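Everything below concerns the one structure shown next.
Just so it is clear, the model here is predicted, and its values are computed rather than measured.
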Amino acid sequence: AAREALMARVLLDGFIDRFTRARLPALVELAGHWKPDLIVHESFEFAGALVGEKLGIPHASIQVGGASLDFADLTLVAERLDAVRADFGLKPDPELREPYRHLHLAFMPASFFSGGMPPTTRHLRLEIFDQSGAEGLPEWVSRLSGRPVVYATFGTVNKLPQHLRAIIEGLRDEPVELILTVGRDVDPAALGPQPAHVHVERYIPQSLLLPRCDVALMHGGYNSVMSALDAALPLVLQALGFLLVLPHFRFSFPEFSNHC
């Protein structure tokens with residue numbers, strides 16, 4: 001019950017009351033200058049949809065993770081959004097049709113979602129984008145010993161060196177090649193010197209690395225899990241950080257397990 005209440009508070013007080021109200025003035029001004037033909041927004045970003053509706057601009061939403069609005073009381077969600085709509089000069093939307101009226105894109109199969117999806121939903125094949133520059137595989141990857149390759153990451157948000165150290169300690173003496181990525185703003189040297197079969201890097205594009213791995217240890221985040229599934233890679237998941245507190249923002253594991 002406590003977790004459900006926290007999730008509802010994040011959606012109602014955070015995404016709707018705080019973020020939506022704060023973004024509306026700037027988005028209206030920006031749309032006035034740019035005069036866009038289409039507004040694209042995330043599934044829990046409501047300001048883009050409101051501005052599109054207000055100005056008569058079509059808008060499309062992109063699903064973020066495995067969560068849909070029905071993890072909260074939809075009546076409360078509609079009431080909070082209607083309060084924002086009223087202040088913005090829009091009519092009530094008690095059935096929550098307007099945020100996803102034109103098009104909603106999801107890069108996960110329908111069976112992944114435990115709740116209902118908007119009728120405008122179109123499910124697309126995942127396209128992984130994890131190279132924003134010249135990132136590639138480190139040179140040492142071509143010299144791996146041929147032993148099983150274990151990849152471990154807790155994403156780019158969770159700064160949990162104690163968990164990474166525990167993985168290293170647990171696998172240091174095993175006959176595997178262990179690869180860990182710690183995030184762009186964490187110094188791999190902070191984990192100390194490592195034996196030759198333990199490789200610590202800030203970032204490696206998973207689309208390049210995962211096809212060379214035999215198993216992955218991950219925190220259950222959307223991008224990492226979808227990348228691993230795309231590579232048909234076995235997973236060991238440990239929910240951490242935001243995912244531990246808000247379980248509906250990670251996968252619904254009964255549905256998820258059917259796709260592993």
If you look at every heavy atom in Leu233 and Cys213, which pair is closest and at what distance? CD1-O, 3.2 Å
Kindly determine whether Leu81 and Asp93 satisfy side-chain contact (heavy atoms from CB on, under 4.5 Å), including the steps that lead there. CA-CA 8 Å; Leu81 273 174; Asp93 178 30; over 6 Å; no
From CD1 (Ile62) to CD (Glu45), nearest 0.5 Å: 11.5 Å
Here the pair of heavy atoms bringing His219 nearest to Ser224 is CE1-OG, 4.0 Å
How about Leu137 and Arg212: do any of their side-chain heavy atoms sit closer than 4.5 Å? yes
Does CG in Asp87 sit with more than 12 non-hydrogen atoms of other residues, nucleotides or ligands closer than 6.0 Å? yes
Do the side chains of His59 and Leu50 get nearer than 4.5 Å, heavy atoms only? no
Assigning hydrophobic clusters by single linkage (Ile, Leu, Val, Met, Phe, Trp, Tyr; side-chain heavy-atom cutoff under 4.5 Å), is Leu105 placed with Phe129? no
Among residues two or more places apart or on two chains, list those pairs meeting ring-ring contact (aromatic ring centres under 6.0 Å, His included) that have a residue in residues 182-201. Trp140-His199
Does a side-chain heavy-atom distance below 4.5 Å link Val176 with Val215? no
NE2 of His102 to CD1 of Ile57: how many Å apart, nearest 0.5 Å? 10.0 Å
Within a strict 4.5 Å, meaning less than it, do heavy atoms of the Thr20 and Phe15 side chains meet? no
Minimum side-chain heavy-atom gap Val51-Leu24 below 4.5 Å: yes
Give, for atom CG of Leu90 and atom CG of Asp82, the distance between the pair rounded to the nearest 0.5 Å. 10.0 Å
Could you grab the distance from atom CG of Leu180 to atom CG of Leu217, nearest 0.5 Å is fine? 8.5 Å
Greater than 12 external heavy atoms within 6.0 Å of Arg202's CZ: yes
Start with the C-alpha gap between Leu178 and Arg172, add the side-chain angles, then the distance that decides, and say whether side-chain contact (heavy atoms from CB on, under 4.5 Å) holds. CA-CA 8 Å; Leu178 176 60; Arg172 183 189 301 272; over 6 Å; no
Ion pair check, Arg85 and Glu98, cut-off under 4.0 Å: no
Check step by step if side chain to side chain donor-acceptor pair (under 3.5 Å) holds for His104 and Thr120. CA-CA 6 Å; His104 182 64; Thr120 56; over 6 Å; no
Nearest-0.5 Å distance, CG of residue Asp230 to CD1 of residue Ile128: 4.0 Å
Would you check, one step at a time, whether the test side-chain contact (heavy atoms from CB on, under 4.5 Å) holds for Phe46 with Val84? CA-CA 10 Å; Phe46 302 106; Val84 178; over 6 Å; no
Measure the CG-CD1 distance between Leu144 and Ile179 for me, rounded to the nearest 0.5 Å. 5.5 Å
Determine the minimum heavy-atom distance between Pro175 and Pro148, stating which atoms define it. O-CD, 3.6 Å
Please name the pair of heavy atoms, one in Ala31 and one in Leu55, separated by the smallest distance, quoted to 0.1 Å. CB-CD1, 3.6 Å
Listed partners of Phe107 passing ring pair (Phe, Tyr, Trp, His ring centres under 6.0 Å), at least two apart: none
Would you tell me whether Tyr151 and Thr181 have side-chain atoms, one donor and one acceptor, within less than 3.5 Å of each other? yes
Counting C-beta onward and ignoring hydrogens, is there a side-chain heavy-atom pair between Asp130 and Tyr203 closer than 4.5 Å? yes
Are any side-chain N or O atoms of Tyr100 and backbone N or O atoms of Ser43, one a donor and one an acceptor, separated by less than 3.5 Å? yes
Ile204 versus Glu135: any side-chain heavy-atom pair under 4.5 Å? no
For the pair Phe154 and His163, name the ring-plane relationship: parallel under 30°, tilted 30 to 60°, perpendicular over 60°. perpendicular
For Arg122 and Pro119 the tightest heavy-atom approach is NH1-O, 3.8 Å
Backbone N or O of Ser61 within a donor-acceptor pair of the Gln63 side chain at under 3.5 Å? no
Quick check against the 3.5 Å criterion: does Glu127 have a side-chain atom that pairs as donor or acceptor with the backbone of Leu124? no
Who passes side-chain hydrogen bond (donor to acceptor under 3.5 Å, both in side chains) against Ser145, sequence neighbours left out? Arg147, Glu177
Mind checking whether Gln131 and Leu208 have side chains closer than 4.5 Å, heavy atoms only? yes
Over all atoms of both residues, closest heavy-atom pair of Ser227 and Gln206: CB-OE1, 3.6 Å
